[in-house]
Amino acid sequence: MDDWLKQCIKEVKAGDPEAFAQIVEAYKDKVYQIAYRMVGNAQEAQDVAQEAFIRAYTNIDRYDTNRKFSTWLFRIATNLSIDKLRKKKPDYSLDAEVSGTEGLDGYSQLAATDALPDEQVVTLEWQASIQEEINALPPKYRAAIILKYMEDLSLQEMSEILDLPVGTIKTHVHRGREALRKRLKKW
Amino acid sequence: MSCSSERIQRYFDGDLTRDERMQLYEHLRECGDCKSHYDEVKKSIALVQSASHITAPSKFTESVMDALPKRKRRSVAWKRWSRNHPMLVAASVFLVLMSSMVWVNWSGMSGDDVMVRGATGDVHVNYETNTVIIPEGETVAGDLTVRNGNVDVQGEVEGDLTVINGEQYMASAGNVAGNVEEINEILSWIWYETKSLFSGLTTGDDS
């Protein structure tokens, strides 16, 4: 583990919340990305990512410093995302069509300003369309694809984050990849 | 070599040996179905990876910090502050203890009883007028402290005379060799207590 991180965790454990700001700053994009890709929209992603950091802060004494910090943090974020999806499930089918466009939130807001260069608008559209395809995956395959291809994690780390055997992770990656392949064929 | 979607999966897992990879490439040149399957997986992965750079909203860190449990933060801020200012903490603890002690002494003696301390000579106390009288021709050898009463000095006091919560009168024949001090307010009382504490500390005299 990096020295600065070790130091920050030590300070947070000793009761200094300011040191935690450095940790948030360092991991916010990755945690937000996991949350965003999992839940599929910006508002809930922010809630989940924020909650993940708050839980990390309040449970910092339970973090084992011999293990990788990001693995522990991503595990919290992934579990919270899956919980969020599970709670949404009842109205999932009703929202299925809408859920894809939720990803457009950021785009719609930004487009309203009319101040963006074309290539940025295209990038946002692109992001939203891919998110739509990811939203169509069942949560467990979605988690596998996000962690492997977006966060670039090893199967071993994924196994620790998702609390599943490596063999199961592999199967989830295969199925997620196949589902995406079928959906993205037309692209 | 036959078609195998499982082998394509293993390829993308990075689980094929070099020889197996070579065999796969060879097969892909001959088999259109497998080639398109391979291309599609490759494209899906590339698309997903191309979308993977999003950043947290602005002010994200601030909003997390604001949302952290408050109780813990405050006690921590106090801990941190006190760690950086040990002298101030020691001083304020001293002040709190000191003032409560003074207050107890002050309020404890604000009853009606006249108290005389340090009188070695023949001192007369009139409880009706709350007056301590040092009769003419009488000499108090050391310091004299009177609480809750007036002092009428007709004789002589060789040391200091302190009157707390009262007044002192001096007859023309009376004489006080040391200082005369009247203490009627809590603030001057505190000053008196502090002075006597420190003089007690410096002289090592605890009486």
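Note that the coordinates shown come from a computational prediction; the quantities given were computed from them, not determined experimentally.
With chain A as the partner, the residue from B:K43, B:H37, B:E6 showing the most heavy-atom pairs under 4.5 Å is B:H37. Here A:E178 is the residue among A:E178, A:R183, A:Q46, A:E51 with the most heavy-atom pairs under 4.5 Å with chain B. Across B:I54, B:V64, B:T55, the residue that shares the most heavy-atom pairs under 4.5 angstrom with chain A is B:I54. Interface summary for chain B: among A:I54, A:L155, A:I134, the most heavy-atom pairs under 4.5 angstrom belong to A:I54. Taking B:V48, B:D39, B:D13 one by one and counting their heavy-atom pairs under 4.5 Å with chain A, the maximum is reached by B:D13.
Atom NZ of A:K13 has more than 12 heavy atoms from other residues, nucleotides or ligands within 6.0 Å. Counting heavy-atom neighbours within 6.0 Å of B:N84 CG, excluding the residue itself, gives a total above 12. Within 6.0 Å of CG in A:D3 there are 12 or fewer heavy atoms belonging to other residues, nucleotides or ligands.
To the nearest 0.5 Å, the span separating CD on B:E40 from CG on A:L180 amounts to 12.0 Å. With rounding to the nearest 0.5 angstrom, the OH atom of B:Y38 is 14.0 Å from the CZ atom of A:R181. Distance CG/B:L68 to CZ/A:F53: 11.0 Å, rounded to 0.5 Å. Between the CD atom in A:E133 and the OG atom in B:S44 there is a gap of 9.5 Å [rounded to 0.5 Å]. Within the model, atoms CE of B:M65 and OH of A:Y57 stand 7.0 Å from one another, a figure rounded to the nearest 0.5 Å.
In plain terms, the two heavy atoms of A:T58 and B:P69 that are nearest each other are CG2-CG, 3.4 Å. Taking every heavy atom of both residues into account, A:A49 and B:F60 meet most closely at CB-CZ, 3.6 Å.
Only one option out of A:R175, A:R177, A:K170 pairs with B:Q9 in a side-chain hydrogen bond (donor to acceptor under 3.5 Å, both in side chains); it is A:R177.
Contacts between A:I130 and chain B at a heavy-atom distance below 4.5 Å involve the side chain alone, from C-beta outward. Only the side chain of B:D15 has a heavy atom closer than 4.5 Å to any heavy atom of chain A.
Judged as a ring-ring contact (aromatic ring centres under 6.0 Å, His included), the pairs with a partner in residues 146-179 of chain A (not counting sequence neighbours) are, in order, A:Y141-A:H172.
A search for salt bridge (Lys or Arg N to Asp or Glu O under 4.0 Å) contacts involving A:E25 returns A:K28, not counting sequence neighbours.
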